[in-house]
Structures are given as structure tokens and as C-alpha cells.
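Numbering of residues begins at 1 and proceeds along the displayed sequence.
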Amino acid sequence: MPYIVAALILPILGFVTGYVISRVMRLQNKEDVSITFAVALRNTNAALVLAIGFLPELAALPIIFSIVIQQTLAAIMGKLLFKEN
């Protein structure tokens, strides 16, 4: 169960953090999209590299699950939040 919670929190936190940063900076829509996706997608890969390199094998499990969730969430975010007007 803790693996599932961690796998859900990691990608959601990445997208929320990226979106909030881009909104606080008052960027245009194209920059909003770029910042949001860059923060959300890059951090999961970095976490996986760190987990594989420095932690026990089980530490990488939630990150691997979160990559699947992350890709689904990326499609939803792209469709709902960043529509072309």
C-alpha cells in the first residue's frame, strides 16, 4: 500500500509544482506548458536514477509505478489544462 501512495504522489506533485511555478511567474500559455511538463517529467527520471544508484532495490519500485501514472497524467493535463483557445 505505501508503494501505491508514493507512486501516486510523485507525479502529481511534479505537475502541481511545475504548474504553480509557471503561474506565479505569470508566463504565457506556451511557457506554462513547457515549465509544467519539464518539472513533472524530468524529476521522475532523476528520482529513478538516484534510487537505483544509491538505495535498496525496493526503493525504485514506487518510482517505476509512478512513471506509468505520470504518462497517463501527462495526457490528461495536456488535454484539460492546456487547450488551445
Spacing of [atom1] belonging to [X] relative to [atom2] belonging to [Y], to within rounding of 0.5 Å:
X   : Y   : atom1 : atom2 : value
I52 : E57 : CD1   : CD    : 10.0 Å
F37 : Q70 : CZ    : CD    : 10.0 Å
T72 : I67 : OG1   : CD1   : 12.0 Å

Margin query: How close do L55 and A59 get, counting heavy atoms only, and between which atoms?
Written below: CB-CB, 3.6 Å
Next item on the list: Of all the heavy-atom pairs spanning A60 and L48, show the shortest one and how long it is.
Entry: CB-CD1, 4.1 Å
When clusters are formed by joining ILVMFWY residues with side-chain heavy atoms under 4.5 Å apart, either directly or through shared neighbours, do [X] and [Y] land in the same one?
X   : Y   : value
V68 : I12 : no
V39 : M25 : yes
V24 : V16 : yes

Check: Distance-only, no hydrogens or angles: does the S22 side chain make a donor-acceptor pair with backbone N or O of Y19 under 3.5 Å?
Finding: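 At least one qualifying donor-acceptor pair exists.
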